[in-house]
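Keep in mind that the numbers below use all heavy atoms, side chains included, and drop hydrogens, waters and symmetry copies. Chain letters run A, B, ... following the sequence lines, proteins first and then strands; every chain starts at 1.
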There are 2 protein chains.
Amino acid sequence: MAKTKQVSNKAVEAEQGNDAHRGRVTSYDVAAHAGVSQSAVSRCFKPGASVSKKMRDRVMKAVEELGYRPNAIARGLITRRSNMVGVIVSNLNFYPEVLSELNKRFISRGVHVLLFALDQESDVGSILEQLWQYPVDGVVAAAHLTPEQIALFDERGVPLVFYNRAYQDVPVSSVCCDQSEGERMLVSQLAGSGKHKDFGIIAGPRDSVVSMQRTEGALARLKELGFDQVNVVSGDYTYESGRRAIGKLLEARGEMPDAIICANDMMAMGCMDELRFKHDLDVPGDVSVVGFDGVKAAAWASFNLTTVTQPVESMAEAVVTMLLDRIDNDGLPPEKRTFSGVLRSGGSIRQ
Amino acid sequence: MAKTKQVSNKAVEAEQGNDAHRGRVTSYDVAAHAGVSQSAVSRCFKPGASVSKKMRDRVMKAVEELGYRPNAIARGLITRRSNMVGVIVSNLNFYPEVLSELNKRFISRGVHVLLFALDQESDVGSILEQLWQYPVDGVVAAAHLTPEQIALFDERGVPLVFYNRAYQDVPVSSVCCDQSEGERMLVSQLAGSGKHKDFGIIAGPRDSVVSMQRTEGALARLKELGFDQVNVVSGDYTYESGRRAIGKLLEARGEMPDAIICANDMMAMGCMDELRFKHDLDVPGDVSVVGFDGVKAAAWASFNLTTVTQPVESMAEAVVTMLLDRIDNDGLPPEKRTFSGVLRSGGSIRQ
DNA sequence: TCGAGTATTGCATTCGAAGTCAAACGGCGT
DNA sequence: ACGCCGTTTGACTTCGAATGCAATACTCGA
């Protein structure tokens, strides 16, 4: 009865145009305005519900007049579906296309993205702490989580799909680009010209699994081809670290390698600039350089980098499909999908 | 009474470890586990609430044991504060730093970002339609809205702050970089060398207000300096369109200008590459080029572009502060803040 | 030990929408 | 006009947490 009283109060307010709370329009306001029950309003927004045309028209008219939109959050409370997914990315600046592709695809399926970006200061733990406060339907992680952190998702029944992080021996879904295969293609390409004797590798951060896979892939292929004296130095995936890495390579070796394999395009571009503008060397004339990722800038004429392009669109599509499937259907087992990268031959390898 | 029964059911479930719904842990579960009321649990999470140490310890122990985290959304329903803000960006690929800076700052203040990115297909209208389904506390828009769309925010009492979109004569908050001033600095710099006679401008899309402001600023300063024959062609802010624009300039003029003013860095870089690699011209030897924005890549050795850097960090900070202020205090009037860009002299101007 | 006064605690209600269920309605045949 | 049956509709409850208020549990002084 209290509820009934409340409703009629709202009805009165709405009818009198009392705008005191000037908050959002609720289904009660619409109901009052249209002279029907709140349930009726709710039903008009549920596809396939039993509503007469007369009722629907009447409600929709009120909806238009008041500018009502159902509150997705309140709805989520009862349906246990917030239609929000969390996206955890380690660094927004690195791969904006990934976020963009994911967001676009989720949106088109009526799902919204709640962003969780790791900045150097904030660690994964605190981000997850925040994430758990939101009733997200699922999570995409483009960052490294510990097995314990992963287990929590399972416990709580929240689907999780990794983007470009593979966990061997951990039953969790992921979509990856075959890092190792990609590097092998690059090395084969370099070796194919027969012009390189002295290889150097600029790896990513030591704790990056992706960097490790790429580096291992390159080293393995190099070894197969008979090159087992390869210097490896580390960068942090940035342009600047690519430039600095040249100094380290030179120091380690005493002379400049004639082919440099970089763990990503950003460092490859830094490395090219350092070679050209600091050491006055020609790329590819004096030194060949290859990258990984296929970022836009790598294809620019100034660099025209030979690299392996990650099929970002296919990967994003796969992630979205896998996640939504698992949200709709909680029986699905973890699945790992691996896409091959596409070799993009530029002009950064000496022929 | 129904409620009471419900509660004790939950209590029983929780105590028996019945994990049937394996959903999230709720405050009722914690309450049952600790043998206290739900209100008590709730109060333990409210700073400054009246709770005895004994009670707090007891509740917190249960919280730890069950891994409880308050549901931010359910909380938002009653407090009318979702602690989420919507961020509308026109294109994620363009300025990832902006999103990154905004996100970082919001997070550190306990606010989360719900992402709304416009992709070519989706127009602002449909994005807003979606936005209104979420009870966001406020919105940052880095996209163009119509006055009607802006008015809705006012009506519904949802604070709105624009990033780099100024609306003259519309009372709405915004944080902008002074586009016109920036361009004037660039033109002055170009003119200062006394080596340029023939200016060309590569503007942004015709419907971009920012592009218009930049172009007008440049033209005005050029005119003051006595150059009133300036060709203007349009691009779409991308690298590729910068390259294509060179062809258009050449066509319009019959010969290549000796100074090209680009509406942003991306096009400036495309333009430099086109000049160097397609037309075999030297920059800055034959043609000077300037950009705008101060993106990372513009400072790379290959380009070393003279440009105006937008103070992204200060602007982001200003946006976040303004928005949160307005969320906490609904009396605040709209405010427009303008930051000056910083001239970054590179090596793309002939001296 | 008692009572006043304060500090804690629990009950019941609330937020906005959706789902359950039973009541009311509509159409139809007879 | 009556009764039957399928369709619509509305009253009430639910989701999870917060909060006003009333009911306790304490504290301390007398």
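- Side chain B/R43 to base C/dG10: a donor-acceptor pair is found below 3.5 Å.
- The base of C/dC15 is not paired with the side chain of A/T26 by any donor and acceptor separated by under 3.5 Å.
- Side-chain atoms of B/D29 come within 3.5 Å of backbone atoms of B/T26 as a donor-acceptor pair (strictly under, hydrogens ignored).
- With C/dG16, C/dA18, D/dT9 as the choices, the nucleotide that has an atom nearest any side-chain atom of A/N71 turns out to be C/dG16.
- One cannot find a donor-acceptor pair under 3.5 Å joining the base of C/dA17 and the side-chain atoms of A/T79.
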Please tabulate, one pair per line, all N/O donor-acceptor pairs under 3.5 Å involving side-chain atoms of residues 49-56 of chain A, not counting sequence neighbours.
from, atom 1, to, atom 2, distance (Å)
A/S52, OG, A/M55, N, 3.2
A/K53, NZ, A/D57, OD2, 2.7
A/R56, NH2, A/C44, O, 3.4

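- Note on A/V41: nothing from the nucleic acid sits closer than 4.0 angstrom, heavy atoms only.
- In this structure, of D/dT8, C/dT9, D/dG10, it is C/dT9 that holds the atom nearest to the side chain of B/S50.
- Residue A/I78 has its side chain nearest to C/dA18 when only C/dA18, D/dA11, C/dT9 are considered.
- Heavy-atom nearest nucleotides on DNA chain C were determined for A/L77 and for B/S37, and the one closer to the 5' end corresponds to B/S37.
- Regarding A/R75, its CZ atom lies at a distance of 18 Å from the C1' atom of D/dG16, rounded to whole Å.
- Classified by interplanar angle (parallel below 30°, tilted 30° to 60°, perpendicular above 60°), the ring pair A/Y134/B/H112 is perpendicular.
- Checked by distance alone, B/Q38 brings a side-chain donor or acceptor within 3.5 Å of a matching partner on the base of D/dA18.
- Classified by interplanar angle (parallel below 30°, tilted 30° to 60°, perpendicular above 60°), the ring pair A/F45/A/Y68 is perpendicular.
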